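Written below as structure tokens is the structure these notes are about.
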Amino acid sequence: MAQPSTPVSPPLKDELDIVIPTIRNLDFLEMWRPFFQPYHLIIVQDGDPSKTIQVPDGFDYELYNRNDINRILGPKASCISFKDSACRCFGFLVSKKKYIFTIDDDCFVAKDPSGKEINALAQHINNLLTPSTPFFFNTLYDPFRDGADFVRGYPFSLREGVPTAISHGLWLNIPDYDAPTQLVKPRERNSRYVDAVMTIPKGTLFPMCGMNLGFNRELIGPAMYFGLMGDGQPIGRYDDMWAGWCTKVICDHLSLGVKTGLPYLWHSKASNPFVNLKKEYKGIYWQEEIIPFFQSLALPKECTSVQKCYIELSKLVKEKLGPVDPYFQKLGDAMVTWIEAWEEHNNPPAQAASKPEPNDKKDKPSAKSK
Ligand SMILES: O=c1ccn([C@@H]2O[C@H](COP(=O)(O)OP(=O)(O)O[C@H]3O[C@@H](CO)[C@H](O)[C@H]3O)[C@@H](O)[C@H]2O)c(=O)[nH]1
Ligand SMILES: [Mn+2]
């Protein structure tokens with residue numbers, strides 16, 4: 001007699017949080033319910049904290065607004081952006097899980113060329129649980145994928161690969177273009193589905209987009225700071241780019257891997273290119289100085305942890321980019337504040353026996369699932 005099959009637990013069910021920055025409603029979750037419902041959500045509500053964001057029933061979540069961020073971080077809340085999707089990194093900081101998947105609230109389930117709905121989360125998990133190959137490019141792309149392998153001439157000494165820290169997914173429909181490109185190509189849509197995952201080679205930077213992103217929080221979390229953007233800042237929409245450049249140079253230094261390609265999701269909403277231009281324009285010319293800075297960066301061998309790398313990076317940002325604009329002095333300081341906040345919430349000093357238990361009411365979210 002056939003044995004009843006034991007239900008298979010969703011992969012990393014208790015080891016992964018889904019972080020969503022939002023200024024809108026969260027109806028998009030209905031389409032993701034089959035894939036997301038087993039997982040815990042961390043919702044970072046940006047903008048007016050007095051606004052109530054409805055979370056569809058049946059999801060396990062905690063929701064933080066700006067009042068929570070200020071209460072939980074105190075003065076260190078100054079490093080968390082306001083009125084920019086950069087606020088999502090607060091969710092990375094308060095998570096207690098090993099893995100993070102972050103997604104924008106205008107991103108939906110896409111279909112692959114066969115018409116099958118894509119479980120983007122499962123693909124990110126697979127990307128993160130299989131090694132990367134940053135030191136030698138495999139021309140058949142991801143060698144750890146079913147039906148592929150290392151090609152002839154690939155050194156056997158390199159075939160073990162390295163741990164994967166980041167999985168960068170892509171988008172059908174509205175591509176993540178900058179404002180000038182959006183302005184000249186307002187109707188361009190991405191319909192090209194490229195069935196590939198590849199490791200971004202060591203020494204190569206890339207424009208990391210935050211709308212469909214997975215990462216191993218234990219390997220690279222302290223460097224996933226999305227910078228000072230939005231309200232009160234001279235720049236916006238470079239949050240994920242900044243985090244991508246910082247994390248990539250640190251991954252290269254620590255021999256960790258970054259993958260890009262599958263999974264795709266369906267990006268539905270084109271933000272206003274004129275508004276975006278106002279947010280981006282300084283970044284468009286600053287990056288001509290920022291990229292050579294990251295490309296020429298050499299972190300000392302004494303930097304053996306992400307935190308040490310990041311603190312060293314913050315010093316170099318102030319020293320080398322400070323002359324570009326005083327903003328980078330502020331950003332360098334905010335990078336240090338971020339690490340201090342990260343350590344406070346993730347590696348607190350052992351509580352002396354005599355000290356009272358910390359009042360964890362302080363760290364409670366505004367709202368959470370029933
Ligand atoms: O002030 C804000 C604005 C938006 N959000 C939330 O952030 C994401 C992305 O917002 P949106 O989809 O409107 O913007 P896009 O231009 O498509 O975003 C791309 O640019 C990057 C911006 O840095 C972003 O990562 C890319 O996807 C949504 O969830 C909004 O609700 C916010 O929190 N605060
Ligand atoms: Mn969007």
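What's counted below: heavy atoms across the whole structure, side chains too, no hydrogens, waters or symmetry copies. Counting starts at 1 for both ligands and their atoms, in listed order. Bear in mind the structure is a predicted one, so any value in this text is a computation, not a measurement.
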When distances are taken from atom 3 (C) of ligand 1, the protein heavy atom at minimum range is Ile23 CD1, 3.6 Å
Heavy atoms only: which of Val275, Asp104, Asn276 is nearest to atom 9 (C) of ligand 1?
Asp104
When distances are taken from atom 12 (O) of ligand 1, the protein heavy atom at minimum range is Asp106 OD2, 2.9 Å
Examine distances only and state if a side-chain atom of His267 and a backbone atom of Leu172 form a donor-acceptor pair shorter than 3.5 Å.
no
Give a yes/no verdict on whether any heavy atom in Arg88 is under 4.0 Å from an atom of ligand 1.
yes
So does Thr102 get a backbone contact from the side chain of Arg88, meaning a donor-acceptor N/O pair under 3.5 Å?
no
Do Cys209 and ligand 1 have an N or O pair less than 3.5 Å apart?
no
Using 0.5 Å steps for rounding, measure from the CG atom of Asp252 to the CZ atom of Phe294.
12.0 Å
Is ligand 1 under 4.0 Å from a heavy atom in the side chain of Cys87, in the backbone, in both, or in neither?
side chain
Who's the nearest protein heavy-atom neighbour of atom 28 (C) of ligand 1, and how far?
Asp105 OD1, 3.3 Å
Going by the angle between their ring planes, with limits at 30° and 60°, are His168 and Trp171 parallel, tilted or perpendicular?
perpendicular
among protein heavy atoms, the one nearest atom 2 (C) of ligand 1 is Asp46 OD2, 3.5 Å
Within less than 4.0 angstrom of ligand 1, does Gln45 place any heavy atom?
no
Are Glu188 and Tyr177 linked by a side-chain donor-acceptor pair shorter than 3.5 Å?
yes
Residue Asp106 atom name (nearest to the Mn ion (ligand 2); N/O/S)
OD2
Protein heavy atom at shortest distance from atom 22 (C) of ligand 1:
Ser85 OG, 3.2 Å
Could you establish whether Gly230 and ligand 1 come within less than 4.0 Å of each other, counting only heavy atoms on the residue side?
no
Any chance you could measure Leu299, atom CG, to Leu316, atom CG, to the nearest 0.5 Å?
7.0 Å
Closest approach of any protein heavy atom to atom 16 (O) of ligand 1, naming residue and atom:
Arg237 NH1, 2.4 Å
